[in-house]
Number of protein chains: 2
Amino acid sequence: MNTDKDSRISNISKIKSFRKKSPSPSELVAGILKGDISALARAITVIESSSAKHSDQSQEIIKNSLPHSGHSIRIGITGVPGVGKSTFIEAFGSTLTQLGKKVAVLAVDPSSTISKGSILGDKTRMQELVRDSNAFIRPSPAGSSLGGVARKTRESIVLCEAAGYDIILIETVGVGQSETAVHGMTDFFLLLKLAGAGDELQGIKRGIMEMADLIVINKADGKNVEQAKLAKVEFSRALHLYPPKHNGWTPKVRSCSATENTGIGEIWDVIKNFVKKTKLNGYFNSNRKEQNKYWLLQTIDDQLKQEFYQNEKITPLLKKMTSEVVEGKLSPFSAAEKLIRLSKEQ
Amino acid sequence: MNTDKDSRISNISKIKSFRKKSPSPSELVAGILKGDISALARAITVIESSSAKHSDQSQEIIKNSLPHSGHSIRIGITGVPGVGKSTFIEAFGSTLTQLGKKVAVLAVDPSSTISKGSILGDKTRMQELVRDSNAFIRPSPAGSSLGGVARKTRESIVLCEAAGYDIILIETVGVGQSETAVHGMTDFFLLLKLAGAGDELQGIKRGIMEMADLIVINKADGKNVEQAKLAKVEFSRALHLYPPKHNGWTPKVRSCSATENTGIGEIWDVIKNFVKKTKLNGYFNSNRKEQNKYWLLQTIDDQLKQEFYQNEKITPLLKKMTSEVVEGKLSPFSAAEKLIRLSKEQ
């Protein structure tokens with residue numbers, strides 16, 4: 001008697017269950033390869049999850065996306081808070097999509113889990129790019145360690161490439177070790193700076209200037225124009241003092257105004273020129289191979305350490321021994337030997 | 001009947017056996033604390049040995065020397081081959097012994113095992129210092145890994161300090177990663193440079209300039225004097241572009257001629273000033289504590305990796321997987337997970 005109602009309920013629950021049902025890895029990969037943004041976003045969520053079930057799934061997604069990856073230009077962008085990274089990425093990304101490019105924006109910011117930081121988190125900071133159908137923006141993944149965050153970002157690059165994105169912009173903050181991670185997963189490294197002597201260098205980690213393929217002096221507008229010119233000369237001179245880079249590329253200095261949209265096209269010219277040169281001299285591909293190897297060794301290293309430090313026998317003794325070592329009462333090497341021996345005991 | 005002869009033979013063999021007999025760790029430590037150079041040299045040999053028997057002995061030597069260590073100034077000295085490191089150390093070391101200081105010279109050069117390199121190996125390069133009773137010179141220890149070489153050098157510092165040396169100079173070559181190791185075991189880092197634009201920077205690893213507390217332009221003599229002045233200005237300007245150092249110290253630039261013995265006293269003035277300032281602001285001691293902690297973590301890391309890579313099950317598969325990862329056929333993270341799982345199987 002209730003057949004109609006029953007079948008209606010049954011249908012609704014079928015739809016509900018279908019909606020709830022997570023797509024399988026192969027469905028997600030099929031979606032990614034069609035350039036479906038929601039499949040890409042869900043696949044990244046699977047990768048970012050740390051559950052064991054998702055671990056097998058993400059391995060399958062990566063494995064089947066890998067053959068379709070590698071065709072983008074991967075650009076790392078760093079600079080201290082306040083330098084205008086979001087505004088720059090907005091202007092730069094929009095310029096690229098207007099040229100017909102598909103642009104993905106990712107972020108590496110291990111601090112965001114602690115500070116609930118805003119790196120790309122507040123999408124409203126990139127209002128234009130967010131609405132752009134050729135742009136895909138993803139905030140920094142959560143994670144307790146830089147290694148974990150970097151891993152997730154690096155695997156997201158693979159998925160974005162499989163989804164057909166031509167340019168991947170990876171944002172990071174200019175403090176801490178995240179620049180080394182981003183430098184190790186990109187083809188080109190762009191450092192944003194402000195004009196105005198001295199102070200703008202504060203807060204940038206030592207060594208970052210040496211990673212840069214291009215220094216961009218941002219906010220070169222209004223009364224900053226003259227200062228930006230001076231800064232360009234000063235940075236060019238400083239870069240001249242560094243040894244030549246392995247990639248055979250002489251780092252460049254440019255200035256731009258992200259808010260007035262000036263100088264952005266020239267930045268893209270520099271990058272195109274870099275890609276052309278390094279593909280010709282073989283560095284572009286050899287660097288990517290080196291990076292793959294680096295991430296293998298790095299992950300092995302991370303996991304070995306993680307297992308050691310999570311060993312319940314180690315934790316209390318490590319604390320005691322560390323303070324003895326710090327105070328110079330125990331040799332660091334003796335302490336390490338004892339701890340390693342202990343970790344191997346069954 | 002043969003008593004006389006027998007007892008004579010017995011006495012000779014006793015003496016022979018006494019001579020052959022290695023001194024015990026406690027005898028060595030007693031010798032070190034008296035400033036006995038031959039006890040110090042033998043103790044360092046024990047530390048440098050990698051035999052299991054010596055491992056226990058060296059632990060005992062270190063343990064009993066540690067309470068008497070820590071009172072020196074540890075100075076790292078680096079520069080590319082040809083910059084005149086040996087001549088500089090000879091001149092600088094002699095100046096210090098003339099001031100009544102006891103000076104030990106050690107070296108970290110992991111390449112020396114492969115190239116049979118000459119870093120401090122050819123003692124004739126420091127003819128004056130070698131004959132100086134207040135100087136102790138020890139070439140770079142042999143070792144297959146930087147970790148091993150660095151460890152041995154760092155423990156040798158402890159012994160030299162226990163033997164009463166006031167200043168420890170640690171030489172390293174300006175290529176590879178050994179500078180980071182030496183920087184991590186010294187209070188003050190001195191970078192030797194040559195005048196003459198551009199070329200002298202070749203071969204210096206990126207990032208070394210940022211470690212320097214003092215850049216010394218060597219060979220500022222004869223027709224190089226003018227060039228050295230220009231180089232001083234240029235390096236000062238370059239250093240100005242770096243962020244301030246954690247130790248609150250603004251890196252200095254000086255010039256000297258090691259062969260003409262000019263400018264050496266001023267270098268010592270800079271170092272004395274550095275020590276005074278950083279002892280006052282607390283950095284000197286906090287840095288040493290940080291370094292102790294760094295070496296504990298570094299050694300744990302080294303040993304974990306060593307065990308993994310020496311695992312017989314891992315070696316063949318690692319090679320195969322590495323090439324798949326390099327070619328982009330396998331994700332570095334999947335490969336790492338598989339290898340780690342394998343290494344744990346019994």
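Residue numbers start from 1 in every chain, and the chains themselves are labelled A, B, ... in the order their sequence lines are given, proteins ahead of strands.
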_Does any part of the side chain of B:Met211, heavy atoms only, come nearer than 4.5 Å to the side chain of B:Thr180, both counted from C-beta?_
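Answer yes - side chains close enough.
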
*asked:* Just so I know, are the side chains of B:Lys289 and B:Lys293 near enough to count as touching, which here means a heavy-atom distance under 4.5 Å?
replied: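 Result no, sub-4.5 Å side-chain heavy-atom pair not found.
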
Using non-hydrogen atoms only, which part of [X] is less than 4.5 Å away from chain A: side chain, backbone, both, or neither?
{"X": "B:Leu330", "value": "backbone"}
{"X": "B:Arg237", "value": "side chain"}
{"X": "B:Leu339", "value": "side chain"}
{"X": "B:Leu304", "value": "both"}

Could you have a look at [options] and say which one has the most heavy-atom pairs with chain B under 4.5 angstrom?
{"options": "A:Phe308, A:Trp295, A:Phe333, A:Tyr309", "answer": "A:Phe333"}
{"options": "A:Pro67, A:Ser58, A:Gly328", "answer": "A:Gly328"}
{"options": "A:Gln59, A:Arg151, A:Gln303", "answer": "A:Arg151"}

Give a yes or no answer on whether the side chain of [X] reaches the backbone of [Y] with a donor-acceptor pair at less than 3.5 Å.
{"X": "B:Lys252", "Y": "B:Thr250", "answer": "yes"}
{"X": "B:Asp187", "Y": "B:Arg74", "answer": "yes"}
{"X": "B:Asn64", "Y": "B:Glu60", "answer": "yes"}

*Parallel, tilted or perpendicular: which describes the rings of A:Phe189 and A:His183, with under 30° parallel and over 60° perpendicular?*
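It falls in the perpendicular class, over 60°.
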
If you count heavy-atom pairs under 4.5 Å between each of [options] and chain A, which one has the most?
{"options": "B:Asp301, B:Leu297, B:Thr322", "value": "B:Asp301"}
{"options": "B:Arg288, B:Met321, B:Glu290, B:Glu307", "value": "B:Glu307"}
{"options": "B:Lys63, B:Gln298, B:Arg154, B:Gln291", "value": "B:Arg154"}

*Name the region of A:Ile300, side chain, backbone, both or neither, that has any atom closer than 4.5 Å to a heavy atom of chain B.*
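Both backbone and side chain of A:Ile300 come within 4.5 Å of chain B.
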
*Could you go through the side chain to side chain contact (heavy atoms under 4.5 Å, CB included) check for B:Val253 and B:Leu214 one step at a time?*
CA-CA 6 Å; B:Val253 185; B:Leu214 171 63; 5.9 Å; no

*OG on A:Ser65 to CD1 on A:Ile47, rounded to 0.5 Å*: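 Reported value, rounded in 0.5 Å steps: 7.0 Å.
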
